[in-house]
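See structure below.
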Amino acid sequence: MSVKEENANEEKKSLSFVEQLVEEDLAAGKNGGRIQTRFPPEPNGYLHIGHAKAICMDFGVAEKYNGVCNLRFDDTNPSKENTEYVDNILSDISWLGFKWGNIYYASDYFQQLWDFAVWMIKQGNAYVDEQTSEQIAQQKGTPTTPGVASPYRDRPVEESLELFEKMNTPEAVEGSMVLRAKLDMANPNMHFRDPIMYRIIQTPHHRTGTTWHCYPMYDFAHGQSDYFEGVTHSICTLEFVPHRPLYDKFVDFLKEYDGTAAKGLNDFRPRQIEFNRLNLTYTVMSKRKLHTLVDEHLVNGWDDPRMPTLCGMRRRGYSPESIREFINSIGYTKFDALNDVALLEAAVRDDLNRRSCRVSAVLDPVKLVITNYPEGASEEMEAVNNPENEADGTHAITFSKNLWIERADFMEDAPKKFFRLSPGKEVRLKNAYIIKCTGCTKDAEGNVTEIQAEYDPESKSGMPGANRKVKGTLHWVSADHCVKAEVREYDRLFYVENPSADERDFHELLNPDSLHVYTNCYVENYAAGKKPGDYLQFQRIGYFMADLDSTAAHPVFNKTVGLKDTWAKLNK
Ligand code: ATP
Ligand code: MG
């Protein structure tokens, strides 16, 4: 193999199978070298991390091959859709860092689809069925036994045309009639057994109001919309594999209808390609279940930081870059799997390590008094914002006689390997001095209420004793130079690894301790000024972000993720 061929092979291997198919189409000169994709959310809920996987693919392919990716709202079921969802989908996609070409709506095509459906009836390829949905379901058959034809299957074309018009009136009763394609009741592909094209819905539509009373089904809207827009690659998830022949069939009809097939001039047709859905451990992604969590107040709204929604992750402090990096690392395949949520958290941790500003916060405080430090005095120490990026600079943190440290950082009778504070032992206070513990005060129950220590004035950085080695370094805040804060710590929302596959009701699978609120925390003044969107590391604790509920008087922080993967260790 020549070096050139080897390089070409290497490059091929790094392509996803979707990109390989796209490159084959480009090489074959299909669609005049044009690449057009779409991301087609139904505006019936908020986007979650699974959607991010589809977004990265749809927008990624367009970007890579100088094409365009449009947004299309698949708004064919007014009973579940609204503009609140539309608006949030737009802001979530922008937050992830993608730019769409145009914004389209399936509802833009309602007239075109209607006209096409009428043509289908006139051609003898569609009929109105007046049976109940139960009757229709019973006649479907099984993949190995043929279905039974509806008694309305061969009704006169005029009758179907008249009834189809009736379906689109305010008087039409939901469920009383449907329009079905007349295809093949014996086809082993169940989707060909006279699929439903239209059903009656009397809920007003968020864009078209009460203009329409019956609406196209997914299978009669999606491929057609792709075709109308000129989509070349219609990339979706694996559950649509069995729909693909029907998708192609309706496109065939459409080309016959608009005359391009007869003219033989236009070889354009959108191509459906399917990849595996994202499933994450300890997470549910079904919109129905996410709706239930919100509606039953099991979480605090769609953007609750425990939700797998993009707005939830944003509020929790995940960066869009880390989500994209995670999606990229798991890749795209043709079989479904369950991905470990710890991989997502590791990507978040890696990214936040690079971008977060280091600050000091004490979540479970106990008073530490530096007895040999002058009363009322204070001094400013220099704290490096981000050791991973010098350009992020420094900020000042104030040191004084009265400090807060973590209760867990002190032990009166400490074992040998306890490198934190205990009587007679030395530790360094981060960015400040080495101190030696001299004792502690306790209340009647034996709880430590105050710790005393003496500092070594020579041990500050830049001083002669600065390089003296001590085993432990503790974080602290000055009691007179800090702000009281609330900190919300999150755990998995579900305690079982694969809640979607569990037969129990999903309410029973909820982790009862998924939220822990610390109400008595102290953060250094500099941290209290941080806003939602600022990535923070509380030193020695984890990554945090100011919550949307945060105010200057009452700062609230969300724990994004810990510094290490403690869950894996605890649950082994
Ligand atoms: P529902 O849960 O109501 O079936 P949905 O999650 O499929 O809806 P849509 O708004 O129809 O939501 O999805 C838009 C696009 O996102 C579709 O192309 C769909 O294939 C893709 N998508 C949805 N969930 C996932 C997932 N978990 N992984 C990858 N892609 C997904
Ligand atoms: Mg869907």
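In this text the structure is predicted, and so the values were computed from the model without any measurement. Counting convention: from 1, in listed order, for ligands and their atoms alike.
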Can you tell me how the ring of Trp212 sits relative to the ring of Trp114, calling it parallel under 30°, perpendicular over 60° and tilted otherwise?
tilted

Closest to atom 29 (C) of ligand 1 by heavy-atom distance, out of Gly50, Pro308, Ala52, Ala54, is Gly50

Taking N or O atoms only and a 3.5 Å limit, does Arg277 qualify as a polar contact for ligand 1?
yes

Does any non-hydrogen side-chain atom of Asn77 lie less than 4.5 Å from one of Tyr215?
no

Strictly under 6.0 Å, is that where the ring centroids of Tyr104 and Phe73 end up?
no

Any N or O of Ser286 closer than 3.5 Å to N or O of ligand 1:
no

Within-shell test, Glu239 vs ligand 1, heavy atom, strictly < 4.0 Å
no

Any nitrogen or oxygen of Leu278, main chain or side chain, under 3.5 Å from a nitrogen or oxygen of ligand 1?
yes

Side chain, backbone, both or neither: His48 near ligand 1, heavy atoms under 4.0 Å:
side chain

Under 6.0 Å between the ring centres of Phe116 and Tyr257?
yes

On a heavy-atom basis, the closest approach of Tyr490 and Asn558 is OH-OD1, 2.7 Å

Between Lys53 and Tyr332, is NZ or CZ placed under 6.0 angstrom from the six-membered ring centre and within 45° of the ring axis?
yes

Return the orientation label for the Tyr85 and His291 ring planes: parallel under 30°, perpendicular over 60°, tilted otherwise.
perpendicular

Which atoms of ligand 1 have any heavy atom of Phe39 under 4.0 Å away?
15 (C), 16 (O)

Taking distance alone, with N or O pairs closer than 3.5 Å, would you say Arg38 contacts ligand 1?
no

Look only at interatomic distance and state if Asn276 has a nitrogen or oxygen under 3.5 Å from any nitrogen or oxygen of ligand 1.
no

As an exercise, identify every atom of ligand 1 less than 4.0 angstrom from a heavy atom of Thr237.
19 (C), 20 (O), 29 (C), 30 (N), 31 (C)

